[in-house]
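Read the structure below first, then the notes.
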Amino acid sequence: MVLSASSVSSYAGSQGAFGVFWRQAIFAAFGVPLMLIMAQTPVRVWRRFAWVPLVAGIFLQILVLYTPLGIESGGNRNWIGIGGFNAQPSELIKLGLVAWLAVILSKKEPYLNRFSHVLIPALPVAALGIFVVLLGGDMGTAMIMAALVFGALFFAGIKVRMLAIPVVIALVLTVVIVLTRSSRIERIQNFLGIGGGDQTGLSYQNQHADWAMAAGGVFGVGLGNSKAKWLWLPAADNDFIFAIIGEELGLVGAVVVLALFVVLAISFLRIVRSSTELFSRVVTGSVMVWIIGQAFVNIAVVLQVLPVLGVPLPLISSGGSALVTSLLAVGMVLSIARHNSRSVDDLSKSSIR
């Protein structure tokens, strides 16, 4: 889908029709073996080195904000460029939050009925990670990170009433942050239909996404035959790749993609249920909220159920750093699934003896 959706814009950008595709293929060829290696890595390794990706991600994000290494795109300063290699440190922060929160919450398991132990140090450190991303202007990613944090707390067994105050604070801060930038206000107004919806302005992308989905019908126009990708639909290979899927593969293809994410969610939940350790539950649950939640947001934006937030479709959209970190997160969950399976086998052998 990346090859099909990006071929025209890649050619127009003097990268050749296969430029974006080859770059994505290289990241996939790098990320899949890493995922398999992580799947074979003992869970104790994640406990010991959980802080590394979090600290590295925050450090790199600070470099993005305050050094010439930072790259601005679409009004957001969220990319770092080193020697011709570009990446999003915010994706590494997500991975770091998953592992680090699991370690902290598992260490405090006996005390999680006290709000002070839930608050310190989990929420301040998580807030720092989200804050440095917000400084770059990427509110969509920051919202996914916030959902990931609350997912970790939920799967740690924190009482809902204890989460009420942080949720209210997060909602108030979200409103304040939206009001600080005119482009965000305009997006909300456009989503609500205020001002008539300027089809040449903010409504342009949504309108062409609608036309692409409608053109696909039930069975689609055929793989590679999209008209929207001919520079009509911005970010066709990234944030709006689901519209190209709907156009080329039709309703059938779109439903298959949705079904795959549902199967992935069910798999995550089965691993959560089989986990006897809080660390394993938190890691698996927060990865599920990250990947499935981000997929829901992306698809909802394309279908105009939510205003444009600028987050890619996990495991499908182009974007190397997002693909690699998602694969690493899945690898960590696979490691936990193997650990759970071994624990069950050991228990069965002990029972037989």
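None of the values given here were measured: they were computed from a predicted structure. For the single chain, residues carry numbers from 1 onward in sequence order.
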side-chain contact (heavy atoms from CB on, under 4.5 Å) between Leu278 and Leu112, intermediate numbers included: CA-CA 11 Å; Leu278 187 139; Leu112 291 181; 4.0 Å; yes
Gap separating the OG atom of Ser6 from the CZ atom of Phe21, nearest 0.5 angstrom: 8.5 Å
Test log, rule side-chain contact (heavy atoms from CB on, under 4.5 Å), inputs Thr141 and Ile93: CA-CA 10 Å; Thr141 299; Ile93 296 175; over 6 Å; no
N/O donor-acceptor pair under 3.5 Å between Asn225 side chain and Val221 backbone: yes
Atom pair CG/CZ of Asn340 and Arg281 - distance to nearest 0.5 Å: 10.0 Å
Backbone N/O of Gly224 and side chain of Glu248: donor-acceptor pair under 3.5 Å: yes
Co-membership, hydrophobic cluster, residues Val45 and Ile336, 4.5 Å side-chain: yes
Spacing of Leu328 atom CG and Met35 atom CE [to the nearest 0.5 Å]: 9.5 Å
Flag, side chain of Lys229 to backbone of Ser4, donor-acceptor distance under 3.5 Å: yes
Side-chain heavy atoms of Leu334 within contact of Met38, under 4.5 Å: no
Exam field: side chain Arg23 to backbone Gly320, donor-acceptor pair closer than 3.5 Å: no
Shortest non-hydrogen contact between Pro89 and Gly57, atoms and distance: CB-O, 3.7 Å
Within-4.5 Å side-chain heavy-atom neighbours: Ile177 and Arg184: yes
Any donor-acceptor N/O pair, Asn238 side chain to Ser318 backbone, under 3.5 Å: yes
Whether Tyr111 and His117 hold their rings parallel, tilted or perpendicular, with breakpoints at 30° and 60°: parallel
Test item: Arg77 side-chain N/O and Val64 main-chain N/O as donor-acceptor pair under 3.5 Å: yes
Check: Ser321 side chain, Gln88 main-chain N or O, donor-acceptor pair, under 3.5 Å: yes
Close side-chain approach of Met145 to Val133, heavy-atom, < 4.5 Å: yes
Distance-only donor-acceptor check, side chains Asn78 and Gln61, under 3.5 Å: yes
Enumerate, atom names and distances included, each donor-acceptor pair closer than 3.5 Å involving a side-chain atom of residues 304-316, sequence neighbours excluded.
{"from": "Gln304", "atom 1": "NE2", "to": "Asn206", "atom 2": "O", "distance (Å)": "3.4"}
{"from": "Gln304", "atom 1": "NE2", "to": "Asp210", "atom 2": "OD1", "distance (Å)": "3.2"}
{"from": "Gln304", "atom 1": "NE2", "to": "Asp210", "atom 2": "OD2", "distance (Å)": "2.5"}

Residues, nucleotides or ligands: over 12 heavy atoms within 6.0 Å of Phe154 CZ: no
Distance-minimising heavy-atom pair for Ile185 and Leu179: CD1-O, 3.8 Å
Single-linkage hydrophobic cluster Val256~Leu3, side-chain heavy atoms < 4.5 angstrom: no
Validation row: Gln24, Asp237 side chains within 4.5 angstrom (heavy atoms): no
Close side-chain approach of Phe242 and Met213, heavy atoms under 4.5 Å: yes
Any side-chain heavy-atom pair of Met1 and Leu223 under 4.5 Å: yes
Heavy-atom closest contact (Val20 atom, Gln15 atom, distance): CG2-OE1, 4.2 Å
Sidechain-backbone polar pair: Ser286 side chain, Val283 backbone, donor-acceptor under 3.5 Å: yes
Side-chain touch Ile144/Lys94, heavy atoms, less than 4.5 angstrom: yes
Polar side-chain atom of Lys227 near backbone of Glu247 as donor-acceptor pair, under 3.5 Å: no
Heavy-atom pair with the smallest gap, counting every atom of Pro234 and Phe240: O-CB, 4.1 Å
Test item: side-chain donor near acceptor, Trp46 and Ser335, under 3.5 Å: yes
Criterion side-chain contact (heavy atoms from CB on, under 4.5 Å) on Val149 and Leu97, from CA distance to verdict: CA-CA 7 Å; Val149 172; Leu97 282 175; 4.3 Å; yes
Atom of Thr325, atom of Trp290 and distance for their closest heavy-atom approach: O-CH2, 3.7 Å
Side chains of Pro166 and Phe115 in contact at under 4.5 Å (non-hydrogen atoms): yes
Tyr11 side chain to Gly19 backbone, donor-acceptor under 3.5 Å: no
Neighbour count above 12 (heavy atom, 6.0 Å) for Arg48 CZ: no
Value rounded to 0.5 Å, distance of CG in Leu60 from OG1 in Thr67: 9.5 Å
Atom CD1 of Ile165: over 12 foreign heavy atoms under 6.0 Å: no
Shortest non-hydrogen contact between Ala156 and Leu105, atoms and distance: CB-CD1, 3.8 Å
Cluster overlap Leu269 with Val262, hydrophobic side-chain contacts below 4.5 Å: no
